[in-house]
Amino acid sequence: MSSSHTIPKNYDFREVEERWQRTWRDEDNYFDPDSKKPRFIIDTPPPYPTGNFHIGNALNWCYIDFIARYKRMRGYNVMFPQGWDCHGLPTEVKVEEIHGITKNDVPREEFRRLCRELTHENIAKMRTTLRRCGFSTDWSHEYITMLPEYFGKTQLSFLRMLEKDYIYQSEHPVNFCTRCETAIAFAEVNHEARETKLNFFDFDGLEIATTRPELLAACVAVAVNPDDERYTDLVGKSLTVPLFGHEVSVIKDGDVDPSFGSGAVMICTFGDKQDVHWWKKYGLPLRKAIDRKGRMTALCDKYEGMTAEECRAAILADMEKDGILKRQETIEQRVGTCWRCKTPIEILSERQWFVRIKPEKILEAAREVHWYPEHMLMRLENWVEQMEWDWCISRQRIFATPIPVWFCAQCGEMVLPDEADLPIDPTVDRPKHPCPNCGSEEFVGEDDVLDTWMDSSISVLNLTGWDGSGTPAIFPAQLRPQGHDIIRTWAFYTILRSVALTGQRPWDGILVNGMVLGEDGYKMSKSRNNIIPPETVLDKYGADAFRQWGAMGSATGQDIMFNWKDVVAASRFQTKMWNIIRFVLTQIEREPVDEAAEVTELLDRWLLVKLSQTAAEVTNAFETYQFDQGLKAIRDFTRNILADDYIELVKGRLYSDAPERASACRALTITVDALCRMIAPYTPHFAEECWSQFMEGSVLKQPWVDFAVDDPEAERIGAHVVALTAELRRYKHDAGLALNAPFGKVNIYAPERIDDSGDVARALNATVAWKTGEPKLEKSVAGVAFNMAVVGPTLRKQAKAFMQAVEALPPEAIVTPPATVSIDDEEVSVPEDAFTPKFAFSVEGEEVEVLDFDEVTVTLRRD
RNA sequence: GGGCUUGUGGUCUAGUCGGUUAUGACGUCGCCCUUACACGGCGAAGAUCUCCGGUUCGAACCCGGACAGGCCCA
């Protein structure tokens with residue numbers, strides 16, 4: 001116990017949080033590789049370093065921090081790393097914007113340098129926010145994917161998967177953004193609704209409807225539904241493509257929707273995924289009409305060099321001129337767009353690198369992982385089961401991990417670097433050996449780079465120390481926390497890579513959190529102007545209040561609406577608890593407290609029972625990642641049990657000089673100690689500050705509450721006393737009396753002897769006499785109360801009739817139930833505890849009021 | 001079009017292996033500045049638990065359907 005001191009009247013979160021953040025040392029949060037403690041490795045998401053830590057990230061980090069702090073207190077060796085997923089288009093675009101250049105204006109390496117520079121600045125800003133939130137990050141396990149030590153591992157993983165035939169290159173249709181000039185994966189394609197024109201035109205005598213006339217030059221077939229009687233004669237015939245003149249044949253396929261457009265569809269390479277499907281199925285020729293920059297190719301004759309949009313207008317104009325354009329309809333269409341720049345994607349056939357997808361193996365591993373909440377697994381299953389193409393991992397960009405491959409300029413042989421030399425940049429570095437096939441020393445470096453997910457999908461391998469020589473000793477990790485928006489990307493790719501490189505699942509569990517919506521209920525976005533940066537909340541109410549909001553906003557896994565009210569409520573709870581701390585402190589400092597004092601009095605024992613139940617509830621909540629329930633249990637206990645019930649009842653005893661006050665002081669000390677520990681994962685600064693008023697050292701380094709009190713007698717009788725007091729106070733209130741007004745004489749008749757140490761009398765400002773047995777009152781039975789939990793299951797269909805029969809019984813029979821009652825001439829036995837009588841009281845002589853409360857009868861005479 | 005998910009007082013929300021009076025917060029109203037706290041205390045009002053049907057003695061909860069919202073995807 002610390003010596004007597006003054007505790008500030010108000011809790012100043014600004015001063016307190018800043019002070020503790022200065023006091024804590026990073027080393028305390030380091031994962032210890034030599035430790036004998038059980039491990040708890042968290043595969044934290046590496047955010048994209050935009051410079052702003054989004055409130056959605058912050059929610060995710062709150063969860064992670066709750067877990068990390070809880071697990072440390074439980075004696076685990078916790079790894080809570082911080083990664084940064086640096087590569088990718090957004091930074092390239094930002095650099096182009098800042099410096100007023102395009103990526104081709106400066107040498108490749110210079111452009112990369114500018115990207116790295118910006119990224120470092122952004123990371124620095126975001127680190128500040130992380131620290132302000134009070135996250136217990138393990139800064140010794142920070143990783144930055146753009147640094148050689150990380151992307152060298154990305155390259156190593158690439159080579160390993162290439163060896164295992166998981167990676168191959170091939171020409172295949174891919175999603176391509178012509179603005180970014182790069183291939184992208186399906187996961188990066190968004191779908192947007194747009195209005196467009198459906199154009200009906202004469203195709204060599206057949207009416208065809210298309211939304212993409214600019215692809216006419218790429219037309220390779222016309223398809224109709226086999227059951228469509230309009231076109232049965234045409235199948236197998238050949239038609240001449242208007243404006244271009246090449247011949248295509250008419251095929252039949254059940255996928256053609258006869259009710260859409262004219263029922264005849266032209267297949268082009270490639271208008272959409274369906275075209276790719278048919279193209280493969282029927283082995284159709286390939287006609288490339290659009291190039292990587294979105295310009296029409298030489299195949300398009302006079303339209304060559306136009307953009308797709310210009311070409312569309314030109315072709316429609318020409319059709320009109322030739323009189324073959326019949327009509328146009330406006331329709332709503334869903335178009336795939338680039339996730340980053342919103343440009344409609346094209347499907348181009350390109351030589352690209354792919355990762356083979358082996359659905360069964362991925363699903364097998366995914367099912368070994370424990371999913372919280374469980375149903376999120378289904379999202380992954382649905383995604384995996386409907387995948388049609390392999391994962392396209394090559395990108396035609398600059399700021400990314402280079403694909404570590406050269407090709408022999410003479411014979412085309414693929415040449416790989418020595419693993420010891422990684423990382424390499426094949427556009428700068430040269431192979432150390434001549435071509436093993438032809439001996440040539442002329443090489444062409446691969447200038448494609450890797451999809452950013454190739455970096456981030458080995459985060460857990462990196463953390464566990466994977467070096468290509470097998471499965472790391474501390475693999476798999478214990479937990480992956482992430483949002484449900486990236487299940488089909490980050491979670492999916494990580495499982496895929498883990499299976500490919502180690503043959504195992506990457507983690508024991510995955511905790512999927514919801515999205516943070518704005519106060520208006522919509523996803524936060526610039527256009528809606530509903531973005532709230534975490535810093536705004538930190539400035540106004542502090543990190544601990546923000547963290548409480550994160551815990552309480554909604555059940556884990558559900559989307560959570562940002563809500564200032566909840567933040568305010570959180571900060572008020574801190575004020576409330578702070579005042580409790582002040583109260584307890586003044587009481588225990590009044591006289592030196594004997595640490596060995598025993599908790600002897602009824603209500604003190606009752607408090608400890610409730611505390612013990614709360615501790616069990618909070619522990620269970622942490623174990624199942626139900627952070628809202630844990631904090632709710634703490635708040636309920638603190639406000640209702642501790643403040644409103646207990647302290648109000650024992651105040652009088654504490655103010656007195658009664659020897660029994662030592663028992664209350666002891667109970668309060670134990671309670672405050674446990675509360676500080678339990679709330680520490682949620683509000684570390686606040687918990688430290690409270691703890692430091694009483695105890696030495698840091699609460700964060702204390703073991704988790706290990707507190708179980710089993711005292712059924714105190715629990716039962718204490719509950720009676722508390723409820724009884726509440727009833728009597730309500731009575732006082734209803735009678736228009738102040739709660740501390742003198743109240744006269746109260747006789748309480750309970751079935752057993754109760755010793756409340758005089759607490760009730762002091763709380764009510766009354767003379768209280770506890771008695772056993774029944775008061776000498778005249779009472780009459782006024783009704784009956786049924787215990788449905790007994791009546792229902794026992795009597796089932798007869799329940800209703802039974803209740804009617806009981807109600808019809810004479811009063812004595814309700815007080816002393818008969819063995820049976822008759823229902824429809826049948827004798828039905830009366831189950832135990834099926835009902836209790838409701839009494840009405842009448843008193844002769846002295847005028848006393850009677851309160852009937854459970855098994856307890858109270859008579860009172862007001863002064 | 002498909003998958004997942006949600007629908008509870010004015011607002012947001014808890015809850016449900018089916019059981020008497022449905023949780024809490026904010027808001028509203030009334031009383032109270034009681035030696036921790038007015039950022040407080042005590043109390044009140046306010047919900048046919050989205051709708052329809054089914055199972056059941058009994059449904060907010062289980063089943064079927066409808067409607068509406070959200071997310072992900074085609």
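Letters A, B, ... are given to chains in the order of the sequence lines, protein chains preceding strands, and every chain is numbered from 1. Any value given below was found using the heavy atoms of this structure, including those in side chains, with hydrogens, waters and symmetry copies removed.
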note: A:Glu385, atom CD; B:C4, atom C1'; distance rounded to Å ~ 13 Å
*asked:* Can you tell whether the side chains of A:Lys651 and A:Glu648 come within less than 4.0 Å, N to carboxylate O?
replied: yes
*State whether A:Tyr655 places a side-chain N or O below 4.0 Å from either non-bridging phosphate oxygen (OP1 or OP2) of B:A36.*
yes
Please check the phosphate of B:G15 (OP1 and OP2 only) for any side-chain N or O of A:Gln629 closer than 4.0 Å. yes
Checking A:Leu603, A:Leu607, A:Asp644, A:Asp759 against A:Val722 for side-chain contact (heavy atoms from CB on, under 4.5 Å), the one that qualifies is A:Leu603
Problem - Separation of the C1' atoms in B:G30 and B:U5, to the nearest angstrom - result: 42 Å
> With respect to the phosphate group of B:G41, does any side-chain polar atom (N or O) of A:Lys576 fall under 4.0 Å of OP1 or OP2?
Replying inline: yes
Assign each of A:Ala643 and A:Thr575 the nucleotide of RNA chain B bearing its closest heavy atom; nearer the 5' end lies the nucleotide of A:Ala643
Considering only heavy side-chain atoms of A:Ile647, the closest of B:A36, B:C42, B:C71 is B:A36
When the P atoms of B:C33 and B:U48 are compared, how many Å lie between them, rounded to an integer? 37 Å
Separation of B:U34 atom C1' from A:Phe583 atom CZ, nearest Å, is 12 Å
Checklist entry - Between B:A68 and B:G27, how far is it from one C1' atom to the other, in whole Å? => result 26 Å
Answer for the Watson-Crick or wobble partner of B:C29, both distances under 3.5 Å, is B:G43
Students often mix this up, so state it plainly: with edges at 30° and 60°, are the rings of A:Tyr493 and A:Trp453 parallel, tilted or perpendicular? tilted
Of the candidates B:C39, B:A36, B:U23, the side chain of A:Lys632 sits closest to B:U23
Rounded distance in Å between the P positions of B:C63 and B:G7: 14 Å
A:Arg582 CZ to B:C37 C1', in whole Å, measures 7 Å
Between A:Lys9 and A:Arg379, whichever has its closest RNA chain B nucleotide further toward 5' is A:Lys9
For this session: Describe, in one word, how the ring planes of A:Phe270 and A:Trp279 are oriented to each other, choosing from parallel (under 30°), tilted (30 to 60°) and perpendicular (over 60°).
Result: perpendicular
Rounded to whole Å, CG of A:Leu642 lies from C1' of B:G41 at a distance of 15 Å
Mate of B:C62 across any strand shown (Watson-Crick or G-U wobble, both atom pairs under 3.5 Å) is B:G54
A:Arg572 has its side chain closest, among B:A36, B:C26, B:G40, to B:G40
Side-chain contact check for A:Asp644: nearest option of B:C4, B:G41, B:C37 is B:G41
Paired to B:A22 by Watson-Crick or G-U wobble criteria (both distances under 3.5 Å) is none
Check this for me, if you would: do A:Asp636 and A:Lys632 make a salt bridge, where the nitrogen-to-carboxylate-oxygen distance has to be below 4.0 angstrom? yes
Across every strand shown, the nucleotide meeting Watson-Crick or G-U wobble geometry with B:C17 (both distances under 3.5 Å) is none
Open item on the list: Between B:G9 and B:A45, how many Å separate the two C1' atoms, rounded to a whole number?
Closed with: 10 Å
Rounded to whole Å, the CG-C1' distance (A:Leu380 to B:G3) equals 13 Å
- Between B:G15 and B:G54, how far apart are the P atoms? Round to whole Å, please. 30 Å
Of the candidates B:C42, B:U5, B:A25, the side chain of A:Ala569 sits closest to B:A25
dist A:Thr614:OG1 -> A:Leu675:CG (nearest 0.5 Å) comes out at 8.0 Å
Check your understanding: Does A:Arg635 make a cation-pi contact with A:Phe573, if we ask for NZ or CZ under 6.0 Å from the ring centre and within 45° of the axis?
Key -> yes
Here the distance between atom P of B:C39 and atom NZ of A:Lys565, to the nearest Å, is 18 Å
To the nearest angstrom, the CG-C1' distance between A:Asn640 and B:G40 comes to 14 Å
### Query
Distance between the C1' atoms of B:G70 and B:C12, in whole angstroms?
16 Å
key: Interatomic distance at P, B:U23 relative to B:G43, whole Å   = 14 Å
Taking B:C26, B:C39, B:C37 as options, the one with an atom nearest any side-chain atom of A:Glu648 is B:C37
By the Watson-Crick or G-U definition, both distances under 3.5 Å, B:U34 is matched with none
TODO: Compute whether any side-chain donor of one residue and acceptor of the other, for A:Asn382 and A:Arg379, lie under 3.5 angstrom apart.
DONE: no
As its Watson-Crick or G-U partner within any shown strand, both distances under 3.5 Å, B:G7 has B:C67
Taking a pair to mean Watson-Crick or G-U wobble geometry with both distances below 3.5 Å, B:U48 pairs with none
A:Phe573 atom CZ is separated from B:C37 atom P, nearest whole Å, by 18 Å
